[in-house]
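Right, one structure below, let's go through it.
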Amino acid sequence: MAAAETPSAALRRRDLCSRGIRLAGKMRSDVADLLDVYVERQGLDASANVAALDGVPAAAAERWGEQTESQRLLDNLAAYRAFRALLTEMLEEQRDQAGPADTALREALAAVLLQVSAFAYHLEELLRLESRGPPGEEGARPPAGPRLGLGLFERKLRGLGVLRELAQWAVRSARDLRQLSKPGPGGTAAVPAGPAESQ
Amino acid sequence: MWKNSSLCCVLALAILCLTSLICSQEIGSPGEPQNLKCIMHNLHKMICTWDVSSKGRYGQTDFCYTTSHLPPPVCIKTREKRVEIPVSESSITVSITTNSIYGAAFGTKKFAIHKKDISFVPLTPHILSLTPDFSTSTLNLKWSDNGSVFPYGLDAFWQIEILRKETMEKVTQVTYHSKLTHENTILSWNWTSDMPLECTSHYAKIRCYINVTDFVGHKDWSDWSPVEKVLGKDTEPNGSGVFPQDTVVAVGSDVTICCVHAEDQQIKRMTYGPEIYPLIHLSSRSSAIRVINASASDTSGTNVVCTLSQDEMDGTVLFVGYAPDTPQNLSCETSNFLIIKCTWKPGRPSGLYGKRRTKYSLLERISGKNVSCEVNEMNRERVCGFPVLADQKTYSFTLGVSNPIGQTESSLLVDLTQRVHPKTPEKLTVSGNSSTNVHLHWYINGSFTEIRLLCQIEISSGHSEQKLHNVSMPGGKFSTYTAQLNALHPYTKYQFRVRCSAADHFWRWSDWSRVEEHTTLEAPPARGPDVWRERSPSGSSLKIFWKPLTLSEANGKIVSHEVSCYLLDTLLEYKEVTEPSNSTEIKLGKNDCVISVVAKNHAGSSPPSKITSVELPSDNVKTERAVALGNGIYISWSSYPNVTCGYIVKWCRSSGSEPCSVDWQKFPSNTTDAVIKSALFRPGVRYNFLLYGCKSSGYQLLKNITGYMKELPPKRAPNFTVEETSSDSILVKWEDIPVEDCQGFLEGYRLSFAKGEKDALKPRLSESGNPELKVKNITDLTKKSLRILDLQGKTSYQLDLQAYTAGGVSPPNSLYVVTKEDSVGLIIAILIPVAVVVLLGVVASIFCYRKREWIKDTFYPEIPNPENSKALQFQKNICEGNKTLKTLEMNPCTPNSVEVVETQSAAPKIEDTEMMSPAADTTVPEDGSDSENENHVVVSYCPPIIEEEISNPSMDEPVGSSQVVYIDIQSMYQPQIKAEEEPEIDLVTTAGYKPQMQLPISALKIESRSATEEESDKTAGYRPQANTNAWNMDTPDSPGSVESTNENASFGSPCSINSRQFLIPPKDDEDSPKPTNTGWSFTHFFQNKPND
């Protein structure tokens, strides 16, 4: 696909990648700050061990180095769409539960949600550049039913898990985009990474 | 307590008696029935049981009973030892016959059953249901009271026991009371556990006691019902979690929280917030913690975390807050009769937010309408709206407040027509085509048809106070309201604004509308101007003055003044003077007329102001002083009987400089004093007032008055000069101070004087604190000079002159004057000393002449033989008195060596000695001129054995008397060490050799070179190590001066060198008299001859 890329498209892709890397870095930083505020306001232990959560996309990948460009973009897009839904849920919960003292947390959460949405849009742009376009969002929305029965403590932990995973994803996305922006042989970037890079 | 126990004792005794009674009826034969007991479960039948003493087999039993009301006995055959018989009102006689299995009777026994022998034990109750409510940790117990078998109204007591855990530990036991209603009623009882029901299993059982009041027998509790249980989560195979889940409790509560886990897990710890709590073991799968007196939690609640083995975690969130506070200051009002707005203050915050926040609802009890209130948590004052209902004036509101912890309410009954707070009037407009009237129009958003409105109009203008005008009007439905304002002032800019309220029952004003401005039209001036006139000094013209009308009098903008002059009815002169001029001049010549002044504006003319030009002659017009009073000037005058139409006080606004800006003030005829005030008056300025009297024929000047609003110190002191100066007086003259510099009525002058040189930095005399300062106060203002007397001659004086008023003293003018010298005294001072000196000279000359022989013998004997010298004899005589002192005895002395030096060669050396030795000064004779030619023979001598004897003070001898000069050892060393010579001495001292005494250089120079060398040779081998300072120390009586000390030292030390006699001065020397120290010298001798 990239072999047929025009110079202007390659330029645009590189531009999108570099901007995406910056956005991911900013997101990583903001999520780290948000995590601090979240832990403090929710009265949680920052070192609390949160098990894998249902519906939260895991940043760890088995064969990350062997993924194709499209696969990388699609995984990222799916993850950020899921995070968009998860953060929206968290924001609604906060509106429903929290008092006037939690304004800062709500604002920070809303800011990160905005960045996640922007990043998802950014990924969609990259996918459009791949001349295949982004997939529909139907499958990306996490199932909402089971979480309604969760206790408040579980929801707090879940929020912590979501933010931690989002922070991981921000790192992974930056690496993914850096991988995409590398000019591969013959103009393609779909080159398996060395063992050092595989996660 | 005691009563109960005694009651129990009585009951026990009764039971014992009953038992003994029954037992007493027993017949102990085998096979006989015994221990008949009858128990009632209800009031209709009783169950009687008995025992059979024989253990053998028996068959049917015949149970026959009879009552007093039922004579034929009723027999019941039974194979059991139990029968159920009806309850009788009277005693029952029972006969029980046991039969063998073959039908033969074993034995018969008769019993009498009295009512008191029967026990009443209710049937065991059965729990219908035990239902848990896990969210509230509440158990609901239901059972039937079986009341149908009892008469109506009996008291039933139900004892309920709650048990917990597998070991069935009793948690609580309560007694529940009910009334039996002769029907089977399902009773219900709720119990709230202090521990979540999920934590562990709970059990319940019940028994009853029915208080049958007319039953005389023993009454007892029923048996316990079978236990009902509610299983905890720890009994469920997959049950786990932390309970209670996300619950809300009140601040200060004690809360138990449990953690239920799987069988294969262990609880590592449980924390409430940041704190770890001790675990309470409930079961193998459940443990709990108990939080005592829980404090308010954060907005996100307090986390309770149960950390399990394998680092798993479970938890819950506990919200600890307050029950809602009762709303305060509930108030309801309407602003438009569409919506009723109720406000209140919420009081203490609950600390619960989001879903658990405090919720409000407004219930109107009359209509039954309920409204849920959406309130803003952030706002301290809460607001809730309720629609106005048609045809309802009175509203009974109840504000319900609830949160998960509790609820409360607050009520208010209002008549809506009395709670009207209209909205702010809008669209205010002002219209009017008049100088005094306007119309105001405004709109109020709301329907006020049921009430009257009271509106308040605020009227403001720049030159008058704010006024409020109230107007009442019927309320309208979304209407525009109109009000008319009268009695406004012409040509005035007004500001209007409006607010409204209910007229009949005032509640609150609306906010003010915005301000609307309007200026009324002009009207003719209200009155004529205040007029005065003055003839010119020549008398040919008349100047007419008028005061401008105030804004309130002018009624518009004054454009001109018409001035007319009438002689009788004849118009002599007419002038129209345009603004802003306020005076004019008319040429009248010597004529007089009546002047009329009219002010005109665009709306018309004022009434005329008239004044006559006639000025009556006045005689002997006095000038008086006015008194300053506050910020005005007080003037007074005596009443003038001829004055019929008042007084006029006229003055110039400015003092001095012309042209005078005339001002005046009129007073009625009965006035005799006035305080003239003017914003133009300045302190320290003299004002002249003229008092005129108004008579029918004209105006007459009555008095001149001068005064100050406030007197100040004079601006400067008068210029003064010194007219005349003598050796003891000064005549000073000064000038008058101009009136404008006086700044008050001058009261006098102050002349200060004291000795002093001219010095720019010197302070004023009055401030200098000079003790010799003298002050003269001159209060006679006509005096312009002063002579200051009793001064010292040829002395500089400083003079300060100051003027003073009631306001203070002016700054001084200073002069410096030097008085003349006293020549006679000077002459006397010179002549007297001269005369005395001359006289003394003459006396001395005569004395010397007469005593010349004696002087010669004494001081200049012809033969300078010491033995013949009277002076030495005199000295000897003195010394004879002290045998120890033989220094000057003229014993024969054999010189060791005599060296004769040619005088010619020695002469220059003497000069050197004189120059270098200060001692030489004392030895040079008076007629030293001779000494220049004398031949000095230096004889060095010192007796080796005998006590020292200085034979001749050779230096003092006149040269002519001897060819030799004896230089004694003392004189050789006489040159004293003076301060200025010390450095020279130091040079010697600091050389390689360090002697302990000094040899004067002059002495060495007096010697011939060979002698010096010889001496040097002599002293080379040995140097005394004596210390002259030590010697000084040894002669404590010696004078403290350096000279005298060295003199003393030099007296002994040379001898120690050459004669080796006074190496150590004798002890006696310490006490020796001064003459020893003085040694021998001519000067000393001269001093010791007082008689000569």
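Scope of the values below: all heavy atoms of this structure, side chains included, with no hydrogens, waters or symmetry mates. Reminder, nothing fancy here: chain letters follow the sequence lines and each chain counts from 1.
Side-chain atoms of B/Asp246 do not come within 3.5 Å of backbone N or O of A/Gly151 as any donor-acceptor pair.
Atoms CG and CD, from A/Asn49 and B/Glu312 in turn, are 9.5 Å apart once rounded to the nearest 0.5 Å. Atom CG of A/Leu150 is separated from atom CD of B/Gln245 by 9.5 Å, given to the nearest 0.5 angstrom. Atoms OG1 and CD, from B/Thr299 and A/Gln42 in turn, are 8.0 Å apart once rounded to the nearest 0.5 Å.
Side-chain atoms of A/Glu154 and B/Asp314, non-hydrogen and from C-beta on, do get closer than 4.5 Å to each other.
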### Message
Pair A/Phe153, B/Val304 - check side-chain contact (heavy atoms from CB on, under 4.5 Å), show working.
### Response
CA-CA 8 Å; A/Phe153 184 72; B/Val304 185; over 6 Å; no
#### Entry: Criterion side-chain contact (heavy atoms from CB on, under 4.5 Å) on A/Leu152 and B/Phe319, from CA distance to verdict
CA-CA 11 Å; A/Leu152 199 51; B/Phe319 292 90; 3.1 Å; yes
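Interface remark: B/Asp298 contributes no atoms to any contact with chain A (heavy atom separation under 4.5 Å). For A/Leu105, no part lies under 4.5 angstrom from a heavy atom of chain B.
Summarising the local packing, NZ of B/Lys165 is surrounded by more than 12 heavy atoms from other residues, nucleotides or ligands at distances under 6.0 Å. Annotation for B/Lys229: atom NZ does not count as buried by contact number, only 12 or fewer foreign heavy atoms lying within 6.0 Å. Atom CD of B/Gln407 has 12 or fewer neighbouring heavy atoms from other residues, nucleotides or ligands inside a 6.0 Å radius. Annotation: B/Gln266, atom CD; neighbour count of heavy atoms from other residues, nucleotides and ligands within 6.0 Å does not exceed 12. Enclosure of atom CD in B/Glu236 by more than 12 non-hydrogen atoms of other residues, nucleotides or ligands within 6.0 angstrom is indicated.
Annotation for A/Arg41 and B/Ser300: closest pair O-OG, 2.6 Å, computed over non-hydrogen atoms.
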